[in-house]
Amino acid sequence: MAKSKPLQIPSLTEASSEYSAIINRLRELEARRAEIEREIHKVQRGRIPAGMIDHASRGRGERAAALLGDVLGADAPSFEVQPSAADIAEHLDKLRIEFADVDAAIAILKAKQSPAHTEASRLVCEIVRPGYEAAIRRTALALAPALAAHREMLRITGELSDGDVRWVSHLAQPTSLRRALGEPWDRDTAADRFIQEAIASGFVTDKEIEEASNG
């Protein structure tokens, strides 16, 4: 029989386009928020971004040159005007407004993230449900004959002991099976409980377990 391929588990973002969109936008917004925060710190430390200087220079620099045009004519110099305190304050205000907007958008998405995560998890579970339930069924059907074989082994060794046969030094004694499948007197092992839970949940029937045990 060909070996079945392992069940492929989809990611949350693969299962839900809504959750994927929220996660992707959150990453974008969080990156932008960090970028704005760095720029605010630069401005506050006096490291004015070049883009801001260019913007301030174009207007005031050209106007200053125009004031000299009738005196210097074509020789009027092209120069750069440093931004004033008012320019810096205006730029900081714009950055802070954008930061607040981005922060608010992140908070809105964060509020939607948890229910979207829950729904995406449900979708993933629905996708894997058939394979998962089939695995439970296979486990129960595999445990049933294992328990039956184990109890037959215990019956044999028990009767050997009852007959005063010194079998321990002659027959293998897989004690680990006793820990896994129970002692001779156990009738409510973890394996038994698992099988009963599988039956109660409808993954397998009593008849199938009986047939597997006798097979």
Side-chain angles (χ1 to χ4, degrees), residues 1-37 99-157 172-215:
M1 182 183 294
K3 186 178 180 180
S4 60
K5 293 182 179 179
L7 178 65
Q8 297 299 310
I9 311 298
S11 68
L12 292 168
T13 53
E14 288 171 338
S16 170
S17 58
E18 179 189 6
Y19 186 71
S20 177
I22 289 173
I23 293 300
N24 289 336
R25 185 54 59 87
L26 268 175
R27 287 172 181 162
E28 293 171 3
L29 290 173
E30 287 171 345
R32 178 56 187 156
R33 181 171 64 180
E35 184 181 4
I36 297 169
E37 196 167 25
F99 184 91
D101 291 344
V102 171
D103 204 48
I106 288 173
I108 292 170
L109 282 182
K110 287 282 189 182
K112 292 182 177 294
Q113 183 180 8
S114 181
H117 189 169
T118 299
E119 175 61 13
S121 298
R122 185 191 69 78
L123 292 173
V124 170
C125 290
E126 288 305 313
I127 291 170
V128 305
R129 183 185 300 280
Y132 175 73
E133 293 183 351
I136 292 177
R137 174 182 169 80
R138 288 197 305 272
T139 302
L141 290 174
L143 277 175
L147 273 171
H150 176 63
R151 283 169 179 158
E152 174 63 8
M153 181 192 72
L154 295 179
R155 183 192 68 78
I156 292 170
T157 56
Q173 218 183 154
T175 55
S176 58
L177 279 178
R178 293 193 175 202
R179 289 193 293 272
L181 301 176
E183 296 291 346
W185 53 84
D186 288 335
R187 284 296 179 268
D188 185 31
T189 65
D192 285 300
R193 290 194 296 274
F194 179 88
I195 291 172
Q196 290 307 312
E197 288 168 2
I199 292 171
S201 299
F203 298 123
V204 68
T205 66
D206 282 299
K207 183 179 179 181
E208 288 173 322
I209 292 297
E210 183 179 354
E211 290 174 349
S213 299
N214 296 331

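In this text, all values refer to a predicted model and were calculated from it rather than measured experimentally. Residue numbers run from 1 in the order of the sequence given.
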Does a salt bridge link [X] with [Y], judged by any charged N lying under 4.0 Å from a carboxylate O?
X	Y	value
R122	E119	yes
E18	K112	no
R32	E37	no
K207	E210	no

Flag, side chain of [X] to backbone of [Y], donor-acceptor distance under 3.5 Å:
X	Y	result
N24	S20	yes
E14	S11	yes
R137	F203	yes
T157	L154	yes
E208	T205	yes
R193	D188	yes
D192	T189	yes

When rounded to the nearest 0.5 angstrom, what is the spacing between [atom1] in [X] and [atom2] in [Y]?
X	Y	atom1	atom2	value
D101	L29	CG	CG	11.0 Å
K110	D103	NZ	CG	10.5 Å
R25	I23	CZ	CD1	12.5 Å
S121	H117	OG	NE2	4.0 Å
S213	L147	OG	CG	7.5 Å

